[in-house]
Structure formats: structure tokens, C-alpha cells
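The block underneath contains the structure these notes are about, expressed in C-alpha cells.
Keep in mind the model is a prediction, meaning the values are calculated, not measured. Heavy-atom basis, side chains included; hydrogens, waters and symmetry copies ignored. Chain letters run A, B, ... following the sequence lines, proteins first and then strands; every chain starts at 1.
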There are 2 protein chains.
Amino acid sequence: MVTYGRVRMEDVARQAGVSVATVSKVVNGRYGVSATTTARVADVISELGYEASLGARSLRSTRTGILGVLVAEFEPFSTELLKGVSGAMADTDYELMAFAGATHGETVGWERRSLRRLGGTLLDGAIVVTPTVIEPGAAVPVVAIDPHTGSSDVPTVDSDNVGGARSAVEHLIGLGHTRIGMIRGREDLESARLREQGFRQAMAAAGLEVDETLLATGSYRSESAVAPALLLLDRRDRPTAVFAANDLMAIRTVEVARTLGLQVPADLSVVGFDNIPESALAQPALTTVAQPLREMGRCALDLLLSLLAGEELAQPHVRLDTRLVERASTGPPAPGRL
Amino acid sequence: MVTYGRVRMEDVARQAGVSVATVSKVVNGRYGVSATTTARVADVISELGYEASLGARSLRSTRTGILGVLVAEFEPFSTELLKGVSGAMADTDYELMAFAGATHGETVGWERRSLRRLGGTLLDGAIVVTPTVIEPGAAVPVVAIDPHTGSSDVPTVDSDNVGGARSAVEHLIGLGHTRIGMIRGREDLESARLREQGFRQAMAAAGLEVDETLLATGSYRSESAVAPALLLLDRRDRPTAVFAANDLMAIRTVEVARTLGLQVPADLSVVGFDNIPESALAQPALTTVAQPLREMGRCALDLLLSLLAGEELAQPHVRLDTRLVERASTGPPAPGRL
DNA sequence: GTGAAAGCGCTAACAT
DNA sequence: ATGTTAGCGCTTTCAC
């Protein structure tokens, strides 16, 4: 007969006829409890279905065995990373908790808040995805994925943003585009800065001048692409191609183009960045720069585990390669508009 | 000057020259603190960057403002649901935590464990994804997505599994297949049972006999499809089409087929279930039955919010529609094998 | 080998 | 308006 509801250690203790201290020792496998008592307590524990409250336990003991992935919200980018971390977690002693910190519209500082609320007590370590502020010295080891601009001693994982962006724009140029716009990403993120840099490098290498009025800024969020896309596309001398700093904005740009009566890729080519699974589902399927998102998650976990093991990191900044994935959202510019 | 590291309420109290009780009142917006004191404490809080520890707070107060999504692991199915929940979360007062409970290989009972560890203290309520056991009466309100077989008073969200499966098999039959195999899902889940039922209904409706040796069982996990797929495909009288109970297994089945030298869909048609984003990325793109995963997540949250608001649920079991998505993994059977 | 007692950081009565 | 006090459920000395 299993009893449900909140079962406390005290309930187990009473039923087993021992003190809570003894139950605690059994639960945590400490020495100094007779085999008989251990067995009896274990029996009561499974009979009552007891599990120690994480909140209470975390308050008292330093180690909780839980690692956190701190994200602003659960969207395609962060969940891909999460899949990577989760998959790599199986080989470890840790468990995984993911926390969405920007649910109330905080666009900045959510990860600091999350880190302070969870770090030190609930979490033994954390992976922070696209942090908004530089946070030197948290209460627990931290690794950042797609970090904030500016130097910091936090170990990071990212991908070759410059090279990736360059390959995207080179692809457009190779198709014959010369009038190319860009929708930039969240200004505080290193990745956004680097993707713009790659864009400029590719243009320069091809001897093309960048029309600064063809650059607009979003925040990586889907809705944030609407205004910039309209800005770029709702004008007579619109570009024949747009490089959006991430897939979510690229997909939204295609939708905006459609509302403007533009066909993609006939009237407008669009390239994204990330290769979230949704990019393949988009209509038309999105040409994009693939980041190895799951591998980035795995990598971040490896770094964190090293940190937790007290090891010196050989490579505190890991950068992974990107790869252009050509799908259906890009093509040669319309002859008349070349 | 911001100080990092673990800042406790006591530190704030000392620096502001008040007691911790007063700080607590300020933090929680309780009445009975003068405007001057409130301002001074608030200043110190932001100066020190104080955030209350979730562990400590949850121990004392009943409400934490945090809802949990409890999953076995973060894979495409659960993360889609997570996206749905996360998106709907913005309109609420709650924050979202996701917890992977089966990281140490527990295939059964992980959600009971998670619920006991987190429920009652850390979480105000929880959404449990594909639970393995029936859990009447947890410490907090609970909603299940894709529930366990067997009646239970836990409110649930699922989709039209029977109808979806039927449409998948009807699609195969419509293409001319008569020898159709199935890889079933996790036996303890209602959805697996219902999908098999849909399979049988469609076969019966078409006057086709089900060859029981063409039914094998997986667990919804990708690897679990390898043995069943080999069982079905590595024989002379193999089926010309296979309906896999979910996309992960369907995609793996295509891979197994390929290792056997079979072309999909020329030699073998494969249909999945779920329409996880990965199904569109598969080679060939997978024909599948779409569940409205994000909407299911939203729905589950709605139910949970009603429960938390103490409302009586008009609809404790929500069932959403499915839809067949025809892609490239299905086609007519090879003429010679009809 | 076992239990009593202190305390983790916080909240909530209850005094003052 | 503020502080004192008593826990929340657990772990951890330290007595016995």
C-alpha cells in the first residue's frame, strides 16, 4: 500500500522507529548505520514512496547533483542546445534542470537573476544560453553558450560566426546578388556582431559596397524581424537578397515578404543562421548556416564537468565549425532587377 | 559597484541597518514598512544584486510561482511540448522550470520521483509528459500529456491517436500497400495502445488481414526501433510498408532499411507519428501524422492554471486533432512485390 | 550505532 | 513600523 501526498523524512523515521538523523544517513548512504536498521528504513522508504525534498536538501548540503541550463525562454535555438546537453548527461552523475528566466518580459539580466536564485543552493553548476550581461564570479561554475560581447573569464562555447556569415553571403553573391540587405541580431551578443562582420567581409571580398540603409536590427526573436524586414523590403530599391542573423528572423522575413507580394526566392532570396529544425519545415525550406547546436550543448556540458571536477580548462573558449545548408529560399535574382 | 558571490538576506539586512524580517517584507512587497526603509533596502538589494534563494524560499512559503514540466529526457517530442508551454507562459504570473527525470536510466517511475522531489516545495504545479505510472494525488496540481494507460483522475491532454493512426495506414493502403507492418510504442502508454488500435481499424476497414508477425514493439526511443525494424525487414516476405508509432522510431526504421539495402520509398514506405521538426529534416522527409504538439503544451498549461485557480475543469481530458502530413517516405509498392 | 541539537536562508506570526 | 521568534525539511556535528 503506497501512501501519496507529501511524505517527510520524519514520517519515515516515525514508522521505522528511528530518528530522522538515521533516515538521512540511510538516504545518503553514510556509514554508521547497522545493516538491520538500514534495511528496515529502506523498506519504509519504498513503502511510503519517500523522496527527499530538493528544496530542503539543497539548503543544507552543498552538492545537489543538479546542473542547470538557464535560458531566456524555450524556443527552437535553446531547445536544440538542451537536447545536446540532455543527451550527454546520461554518462554523468548529474541531473538536468532547465529554467526559463525571461518569462516576465525581462529582456536583460534574466540570467543573473536565475543564477542567483538557483546557483549555490539548487544547482551545482549552470550553462547559460545567450547571456545578456557579463557576470564574473557566480556562486557556482558557469559556462556560456553564444556569449555576450566583451571579454570575460567565463568559459564559452560558440561557433564560427564570422565564417558562417561569410559563407551565407558568398552564397548569395555566387547566385548573382549584389544588392544584399542584412537583419542583424541582438546587439549585445557577440554572435550578432560577428555575423555582421562576416557579412561585411564577404561583401568587401567581392568588391561590393555595403549600402548601410540596407542594414536593420532585430533581436533574434521572430517578431523582432517584422519592422526591419518592412524597412528593407517595402521600398522601391529593395535588396534582392537578405541575410538574417538567425533562422527565426529569416523565417519571419519570408512571411513579411509574402505579405508584400514578393515571391521567395524568385523576387527575394533569404538566408538564415542556426539551422534550427524549423528552418527545414519553413515554406520554402530555408537556406541557412548550420551551427552544430547539439554538439555545442554537449561541449558546454563537457566544459562544465571539467570545471566541477576542478580541472584546469585547456580550451576555455570552444568554437565549432559552421556549414552552409542550401535549401529553397535562395536563388538567382530576377533578371530585371540585377 | 556590484558584489558577486552568494549574497544572503542577512547581508542586505546588515548593510541597510534593518532586520532580515524587514528585508523579507520589502522583497515580498508586504505592508508595514515605511517608504524610507523600503527605498533604502531596495537600494542595498540592487547594489548587492541580491536575489532570494529559491531553495530557501520554497521551504518556507507555499507559493513559489514556478510551474514545472517533468520529462524523462529532453528529446524532440518533449521539447516541442516545452515550446508550447513556454510560449503560453508569458501571459501568466508563473515561471517555468523543466526537469529531466530519467537521466540515470530509470525507465519507470521517474515522474513520481521528480514530482516528490520538486512538488510541494519547489513547484506550485506540474505538467508531466508521458508518465510511466498512475499517480493519484500528488502534493501539487498535475496535468499529464500523453498519459499512461488506465483510468486516473489526473487531467490529461492528448491527441486523436486512433484517428491519426488510421489515417496513416489508410494512406498506405490508398497507395496500394497490403502487406503493412507496425512498430508499436511504449507499451504502458495509452497512445501506443490507441495507435495500434487505429492501425487495426484501418486494416479491417480495408478488408486486410493483420499478419501478427509483422507487428513488433519499441519504446518510442530511437534505438528501440533497431531490433523491431530488423525483425520486420530482414526477411524474405517483408512488408512493403511500415507504420512506426512515432517519428523517432520511423526515422530509425528508414536508417535500418537503408543498411539492408532497401530504398525508401521505392522498396519500403514508412510513416511516423508526431511530426517532430526532425521528421521534415530526415532523408527522405518523413510522411507522418502531425500532433499539434505546441498546442498540446498550451492546453496542458491552461488546464494546470485552472486547477491552480481552484476552478472545476469542464473538460478534464482534452483531445486534439491530428493531421496526415504526406512527405517523401511513402509511395506505391514496387510492382513486383504487390 | 543512534539520536539530540544546531542551522542552511528564508517567511510569517507575534511582540514591541 | 520594526524586530524577535519559530520553524519549513533536511544534513551534520557531536554526544551518548
Side-chain angles (χ1 to χ4, degrees), chain A residues 5-42 44-45 48-66 116-124 139-140, chain B residues 5-42 44-45 48-66 116-124 139-140:
Chain A
R6 185 117 287 282
V7 180
R8 291 150 309 145
M9 193 173 267
E10 196 195 321
D11 302 322
V12 176
R14 194 177 325 111
Q15 180 145 349
V18 296
S19 70
V20 289
T22 302
V23 177
S24 172
K25 281 170 196 157
V26 171
V27 167
N28 297 291
R30 298 277 179 276
Y31 292 108
V33 184
S34 74
T36 338
T37 309
T38 302
R40 185 153 34 91
V41 171
V44 175
I45 286 177
L48 298 182
Y50 172 75
E51 286 290 344
S53 153
L54 221 47
R57 160 175 280 183
S58 72
L59 205 50
R60 202 62 178 92
S61 55
T62 33
R63 203 192 118 103
T64 60
I66 298 178
R116 285 186 176 145
R117 296 207 295 166
L118 302 168
T121 50
L122 273 177
L123 302 180
D124 289 346
V140 292
Chain B
R6 185 116 288 279
V7 180
R8 290 151 309 144
M9 193 174 267
E10 196 194 322
D11 302 323
V12 176
R14 195 180 321 113
Q15 180 144 348
V18 295
S19 71
V20 289
T22 302
V23 177
S24 173
K25 283 170 196 157
V26 172
V27 166
N28 296 290
R30 298 278 179 276
Y31 292 108
V33 184
S34 74
T36 339
T37 309
T38 302
R40 185 153 34 92
V41 170
V44 174
I45 285 177
L48 297 181
Y50 171 76
E51 286 290 344
S53 153
L54 220 47
R57 160 176 281 184
S58 72
L59 206 50
R60 202 68 181 87
S61 56
T62 33
R63 204 191 116 102
T64 60
I66 298 177
R116 286 186 175 145
R117 297 207 296 165
L118 301 168
T121 50
L122 274 177
L123 302 180
D124 289 345
V140 292

Applying a 4.0 Å non-hydrogen cut-off, can you work out what V18(A) is touching in the nucleic acid: base, sugar-phosphate, or nothing?
sugar-phosphate
Looking at residues at least two apart in the chain, or sitting in another chain, which of them share a side-chain hydrogen bond (donor to acceptor under 3.5 Å, both in side chains) with S24(B)?
N28(B)
Would you please name every residue forming a side-chain hydrogen bond (donor to acceptor under 3.5 Å, both in side chains) with S34(B), sequence neighbours left out?
T37(B)
Checking all strands, does T121(A) fall into the base, sugar-phosphate, or nothing category for heavy-atom contacts under 4.0 angstrom?
nothing
Kindly write out the residues that satisfy salt bridge (charged side-chain N to carboxylate O under 4.0 Å, His left out) with R8(A), not counting sequence neighbours, or none if the list is empty.
E10(A), D11(A)
Sub-3.5 Å pairs of nitrogen or oxygen atoms, protein against nucleotides 12-14 of chain C:
{"from": "dA12(C)", "atom 1": "OP2", "to": "R30(B)", "atom 2": "NH2", "distance (Å)": "3.2"}

Find the distance between CD1 (I66(A)) and CG (L123(A)) and round it off to the nearest 0.5 Å.
7.0 Å
Could you pull out all residues at least two apart from R63(A) that satisfy side-chain hydrogen bond (donor to acceptor under 3.5 Å, both in side chains)?
Y94(A)
Output all residues satisfying side chain to side chain contact (heavy atoms under 4.5 Å, CB included) with A21(A), sequence neighbours left out; order by chain, then residue number.
S19(A)
Who passes side chain to side chain contact (heavy atoms under 4.5 Å, CB included) against L59(A), sequence neighbours left out?
A56(B), L59(B)
Bend angle of the helix from dG1(C)-dC16(D) to dT16(C)-dA1(D) from five-pair axes at both ends, rounded to 10°?
40°
Chain B contact limits on DNA chain D, taken 5' to 3' with a cut-off of 4.0 angstrom to heavy atoms:
dA1(D) to dG9(D)
Between residues 50-58 of chain A and DNA chain D, which residues have a heavy-atom gap below 4.0 Å?
Y50(A), A52(A), S53(A), A56(A), R57(A)
The answer to which of T38(A) and V23(B) contacts DNA chain C further toward the 5' end, by nearest nucleotide, is T38(A)
Got a sec, which residues hit salt bridge (charged side-chain N to carboxylate O under 4.0 Å, His left out) with R57(B), two or more places apart in sequence or on another chain?
none
Show me the pairs that pass salt bridge (Lys or Arg N to Asp or Glu O under 4.0 Å) and involve residues 15-41 of chain B, at least two apart or across chains.
none
